[in-house]
K.L.:
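Take this structure, written in structure tokens, and hold onto it; I'll ask about it next.
Keep in mind that the numbers below use all heavy atoms, side chains included, and drop hydrogens, waters and symmetry copies. In what follows, every chain begins at residue 1, and chains take the letters A, B, ... in the order their sequences are listed.
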Amino acid sequence: MRVSRLMLVTLRDDPAEAEIPSHKLLLRAGYIRRLAPGIFAYLPLMWRVLRKVSRVVREEMDAAGALETLLPQLQPADLWRRSGRWAGYTAGEGIMFHLHDRQDRELGLGPTHEEVVTSLAADLLRSYRQLPVNLYQIQTKFRDEIRPRFGLMRGREFIMKDAYSFHADEACLAQTYAVMDRAYRRIFARCGLRAVAVEADSGAIGGSASQEFMVTADAGEDLILASPDGHYAANQERAQSLAEPAVPLAGGLRAGGAGEPLATPGQATIEQLCAGHGLQASQVVKVLLLLARFEDGHDQPLLVALRGDQQLNEVKLANAVSGRLGAKHGALLEVAALTPDSLKRAGLDPLPFGFLGPQLGDDLLAGGGVAPSFLRLADHTAAELEIFVCGANQPDRHLLGASWSGLGLSVEGVDLRAAQPGERCVHDPRQRLEASRGIEVGHIFQLGRKYSTAMDACFTTEAGSSEPFWMGCYGIGVSRLAQAAVEQHHDGNGICWPLAIAPFEVLVVPANVADAAQAALAGRLYDDLLQAGVEALLDDRSERAGVKFKDGDLLGIPWRVVVGRGAAEGRVELVERSGAGSHELPADDLLAHLLPRVERQRRGLLDG
RNA sequence: CGGGAUGUAGCGCAGCUUGGUAGCGCACUUCGUUCGGGACGAAGGGGCCGCAGGUUCGAAUCCUGUCAUCCCGACCA
């Protein structure tokens with residue numbers, strides 16, 4: 001390809017809409033253009049990158065025995081009602097674009113394809129003899145993100161590879177899950193990305209085991225906590241750690257554990273309370289009030305107890321709540337803090353926030369249009385406290401020396417606390433968690449039988465009975481991956497694509513096209529490279545050399561061949577974009593020198 | 001949806017406080033000089049100043065409303 005024919009428009013200034021380096025560079029280098037929030041045109045260079053990523057994904061999925069397919073993006077609401085996800089995905093902050101057709105039928109624009117593929121499987125797969133099957137597709141997904149961000153990182157329309165596997169038993173699912181795990185590691189390595197696998201929350205999709213693949217980069221939206229020995233890594237949403245032991249509270253139980261009143265005027269925060277009375281945060285039980293909204297309209301007040309020095313992990317909380325009430329009330333739509341304002345809106349009496357204790361009665365909920373009793377949850381660290389300080393449920397008053405039984409409460413500990421960097425690891429208390437940031441580019445799940453049961457997707461077993469499929473699902477954000485590659489591979493001058501996914505492999509730059517010797521030699525080398533099967537780009541523009549060098553750096557083509565002053569003597573210069581080095585060599589030696597290197601780099605970071 | 005900011009040429013911005021002919025840099029077109037790290041000179045083209053009302057002799061500028069975009073939180077590949 002010739003640059004003069006490439007529709008290349010590069011920008012000298014950073015567009016104001018971009019925040020992170022990869023987004024700025026993709027815009028500046030002419031790879032993408034924004035059409036609306038979260039909606040982008042992939043310009044020809046970008047499309048070449050996306051096709052290369054897709055090709056790697058395709059090759060590895062095919063090698064892992066998966067079958068490529070293409071499923072509809074317009075999906076009938078009925079299908080989603082059968083899985084129970086229609087309301088959760090459309091109402092409230094649901095992310096599915098949905099519409100009515102001319103017959104007034106409801107349709108959704110596919111944010112994911114579990115429903116479609118499960119109904120298809122139910123149709124086609126009748127016998128255990130046909131299993132296992134792993135179907136995948138690479139296509140555009142639509143999600144009405146609450147806040148699209150960072151270019152392709154969080155778009156409302158993006159390219160995804162999604163795969164769904166069907167099995168006769170759990171062991172077979174686990175086997176395919178492991179095969180996908182290996183395939184994913186190969187995919188990211190082949191694309192030249194450093195990625196780490198972390199334990200993850202399975203979120204809205206549901207299911208049991210789940211693992212995310214994170215491209216490490218400072219601009220990543222996710223916080224990863226990992227042990228230095230490499231044996232444990234998890235998304236903070238999911239991470240577990242050992243909390244520091246609580247400092248025992250002096251003075252023992254008071255009033256048989258019912259606690260003695262402690263005057264705490266204006267001490268509404270843990271810090272003020274501790275400072276005022278020489279207490280440690282770990283000696284305090286703090287209480288958070290929240291309201292969980294369910295699909296069926298049920299509004300459930302939550303009373304969450306945490307040890308004073310701990311933070312709530314909202315993902316763990318949401319899982320605990322939907323685990324307890326989801327079966328009865330449908331999807332959990334939202335969990336929000338109860339505030340003085342929201343209490344008033346619900347028609348409830350004001351509460352002494354800052355002085356709440358776990359013994360807060362249900363009676364105050366009466367007449368508020370919400371469930372009449374709290375769902376009471378306590379984190380392990382709070383439940384394990386034998387003697388503690390807590391709010392007295394009156395302004396300016398706490399209780400000293402209370403215990404759970406003394407307050408007349410029985411609590412079961414649940415993991416609700418957010419693990420923090422620096423805390424001890426569960427698998428080895430000598431290790432401490434370290435934090436890093438990552439961009440989630442892949443996620444694999446063992447879904448189990450959630451969807452197949454909901455949608456009545458069954459097959460006949462060897463014994464002749466009918467059972468729902470065991471399912472797995474496996475996603476890769478193709479367009480996100482491409483941008484994540486830029487985030488991981490760039491410098492002050494522009495992009496440094498890993499060769500395996502670069503739009504072109506070699507850029508031939510005649511320093512001065514007006515120089516007949518340079519133009520002729522550059523043209524010859526360009527032809528030779530194409531002949532040799534190298535994806536070459538020739539910068540034939542009558543620009544000054546400096547402009548072409550700057551643009552070349554910005555574009556990030558891995559190799560640059562400069563045909564300049566030495567052209568008359570048949571000498572050219574070879575520059576590797578990612579390295580600082582460059583060296584001169586005879587033009588006749590170029591192919592012999594370059595080809596083995598290009599071939600090696602086409603394998604990305606794959607060893608051997 | 002809550003909090004913050006911004007809408008002026010393709011991109012980046014000034015002008016607005018104190019109303020009076022719409023500007024700068026980059027990009028684009030033509031000519032000349034230059035030619036290995038975003039050249040220089042000359043000449044040009046391009047604007048419903050987000051939109052709608054209002055105030056005024058007169059509005060990019062003041063007032064009201066509205067829409068859009070971006071940033072901070074909840075969502076996810």
K.L.:
With nearest nucleotide decided by heavy atoms, which residue, A:G38 or A:G477, maps closer to the 5′ end of RNA chain B?
P.N.:
A:G38

K.L.:
When we call it a touch if two heavy atoms are under 4.0 Å apart, what does A:V562 touch: a base, just sugar-phosphate, or nothing?
P.N.:
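Result for A:V562 = base.
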
K.L.:
From the list B:rC76, B:rG12, B:rG36, which nucleotide is the closest neighbour of the side chain of A:D222?
P.N.:
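Out of B:rC76, B:rG12, B:rG36, the nucleotide with an atom closest to A:D222's side chain is B:rC76.
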
K.L.:
Going through the distances and angles, do A:W559 and A:F504 end up as a ring-ring contact (aromatic ring centres under 6.0 Å, His included)?
P.N.:
CA-CA 9 Å; A:W559 294 95; A:F504 291 92; over 10 Å; no

K.L.:
Should the pair A:H593 and A:H583 be assigned to parallel (<30°), tilted (30 to 60°) or perpendicular (>60°) ring geometry?
P.N.:
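Rings of A:H593 and A:H583: perpendicular, over 60°.
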
K.L.:
Between A:R560 and A:E576, is there a side-chain N and carboxylate O pair less than 4.0 Å apart?
P.N.:
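So A:R560 does not pair with A:E576 through a salt bridge.
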
K.L.:
Looking at the side chain of A:P37, which of B:rG37, B:rU69, B:rA74 is the nearest nucleotide?
P.N.:
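Nearest to the side-chain atoms of A:P37, counting from C-beta on, is B:rU69.
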
K.L.:
Between B:rU29 and B:rG37, how far is it from one C1' atom to the other, in whole Å?
P.N.:
26 Å

K.L.:
Which nucleotide wins on minimum distance to the side chain of A:R480, given the candidates B:rC75, B:rG25, B:rA77?
P.N.:
B:rA77

K.L.:
Tell me whether A:R185 is salt-bridged to A:D181, with the criterion being a basic N under 4.0 Å from an acidic carboxylate O.
P.N.:
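Yes.
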
K.L.:
Round to the nearest Å and state the distance from A:Y184 atom OH to B:rA77 atom P.
P.N.:
10 Å

K.L.:
Given that both distances must come in under 3.5 Å, which nucleotide forms a Watson-Crick or G-U wobble pair with B:rU18?
P.N.:
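Answer to the pairing question: none, since B:rU18 forms no Watson-Crick or G-U pair.
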
K.L.:
Taking atom P in both B:rG25 and B:rC40, what distance in whole Å separates the two?
P.N.:
11 Å

K.L.:
For the side chain of A:E17, starting at C-beta, report the closest nucleotide among B:rG37, B:rC70, B:rC75.
P.N.:
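For the A:E17 side chain, the nearest candidate turns out to be B:rC70.
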
K.L.:
Regarding A:K316 and A:D415, does a basic nitrogen lie under 4.0 Å from an acidic carboxylate oxygen?
P.N.:
yes

K.L.:
Parallel, tilted or perpendicular: which fits the ring planes of A:F188 and A:Y184, with parallel below 30° and perpendicular above 60°?
P.N.:
perpendicular

K.L.:
Tell me which nucleotide, if any, is Watson-Crick or G-U wobble paired with B:rC13 when both distances must be under 3.5 Å.
P.N.:
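Across all strands, the one nucleotide that pairs with B:rC13 is B:rG23.
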
K.L.:
Determine the interatomic distance between P on B:rC62 and the same-named atom on B:rG15; round to the nearest Å.
P.N.:
12 Å

K.L.:
Take atom P in B:rC28 and the same atom in B:rC67, then report the distance between them in whole Å.
P.N.:
38 Å

K.L.:
Tell me which nucleotide, if any, is Watson-Crick or G-U wobble paired with B:rU6 when both distances must be under 3.5 Å.
P.N.:
B:rA68

K.L.:
Taking the minimum atom-to-atom distance to the side chain of A:R34, which one of B:rA77, B:rU69, B:rG12 wins?
P.N.:
B:rU69

K.L.:
Using Watson-Crick or G-U wobble geometry with both distances below 3.5 Å, tell me the partner of B:rC31, or none.
P.N.:
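WC or wobble partner is B:rG41.
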
K.L.:
Send over the distance from A:L223 CG to B:rA74 P, rounded to a whole Å.
P.N.:
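Result: 12 Å.
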
K.L.:
Check the side chains of A:E487 and A:H23 for a donor-acceptor pair under 3.5 angstrom, ignoring hydrogens and angles.
P.N.:
no

K.L.:
Please report the interatomic distance CZ(A:R238) to CD(A:E212), rounded to the nearest 0.5 Å.
P.N.:
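Spacing of CZ (A:R238) from CD (A:E212) equals 10.0 Å.
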
K.L.:
Quick one: the side chain of A:R154 and the base of B:rC75, do they pair up donor-acceptor inside 3.5 Å?
P.N.:
yes

K.L.:
B:rG73 pairs with which nucleotide, Watson-Crick or G-U wobble, both distances below 3.5 Å?
P.N.:
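Its partner is B:rC1.
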
K.L.:
A:G564 near the nucleic acid: base, sugar-phosphate alone, or nothing, with a heavy-atom cut-off under 4.0 Å?
P.N.:
base

K.L.:
Please produce a list of atom pairs where a protein N or O lies less than 3.5 Å from an N or O of nucleotides 38-40 of chain B.
P.N.:
{"unit_1": "B:rG38", "atom_1": "O2'", "unit_2": "A:R12", "atom_2": "NH1", "d": "2.4"}
{"unit_1": "B:rG38", "atom_1": "O2'", "unit_2": "A:R12", "atom_2": "NH2", "d": "2.7"}
{"unit_1": "B:rG38", "atom_1": "O6", "unit_2": "A:R28", "atom_2": "NH2", "d": "3.1"}
{"unit_1": "B:rG38", "atom_1": "N1", "unit_2": "A:D551", "atom_2": "OD1", "d": "3.2"}
{"unit_1": "B:rG38", "atom_1": "N2", "unit_2": "A:D551", "atom_2": "OD1", "d": "3.0"}
{"unit_1": "B:rG38", "atom_1": "N2", "unit_2": "A:D551", "atom_2": "OD2", "d": "3.4"}

K.L.:
Say you pick atom C1' in B:rA9 and the same atom in B:rU66; how far apart are they, in whole Å?
P.N.:
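Their C1' atoms lie roughly 25 Å apart.
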
K.L.:
Pick the P atom in B:rC16 and in B:rA60, then give their distance to the nearest Å.
P.N.:
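Their P atoms lie roughly 14 Å apart.
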
K.L.:
How would you label the contact of A:E314 with the nucleic acid (heavy atoms, under 4.0 Å): base, sugar-phosphate, or nothing?
P.N.:
nothing

K.L.:
Looking across every strand, which nucleic acid part, if any, lies under 4.0 Å from A:G155 by heavy atom: base, sugar-phosphate, or nothing?
P.N.:
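Counting heavy atoms under 4.0 Å across all strands, the contact made by A:G155 includes a base.
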
K.L.:
Go through the N and O atoms of the side chain of A:R143 and the base of B:rC76, and report whether any donor-acceptor pair is under 3.5 Å.
P.N.:
no

K.L.:
Centroid distance below 5.5 Å plus an interplanar angle below 30 degrees: do A:F158 and B:rA77 meet both conditions?
P.N.:
yes

K.L.:
Would you mind telling me which residue lines up with the more 5' stretch of RNA chain B, A:A36 or A:A511, judged by nearest nucleotide?
P.N.:
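Nearest nucleotide further toward 5': that of A:A511.
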
K.L.:
If you measure from CD1 on A:I187 to CZ on A:R58, what distance do you get to the nearest 0.5 Å?
P.N.:
11.5 Å

K.L.:
Starting at atom CG of A:L8, determine the distance to atom P of B:rC28, rounded to an integer number of angstrom.
P.N.:
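For the pair A:L8 CG and B:rC28 P, the rounded distance is 11 Å.
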
K.L.:
Side chain of A:P15 only, please: which of B:rC11, B:rC71, B:rC75 is the nearest?
P.N.:
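When the side chain of A:P15 is considered, B:rC11 is the closest of B:rC11, B:rC71, B:rC75.
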
K.L.:
Roughly, in whole Å, what's the span from CD in A:E440 to C1' in B:rC76?
P.N.:
7 Å

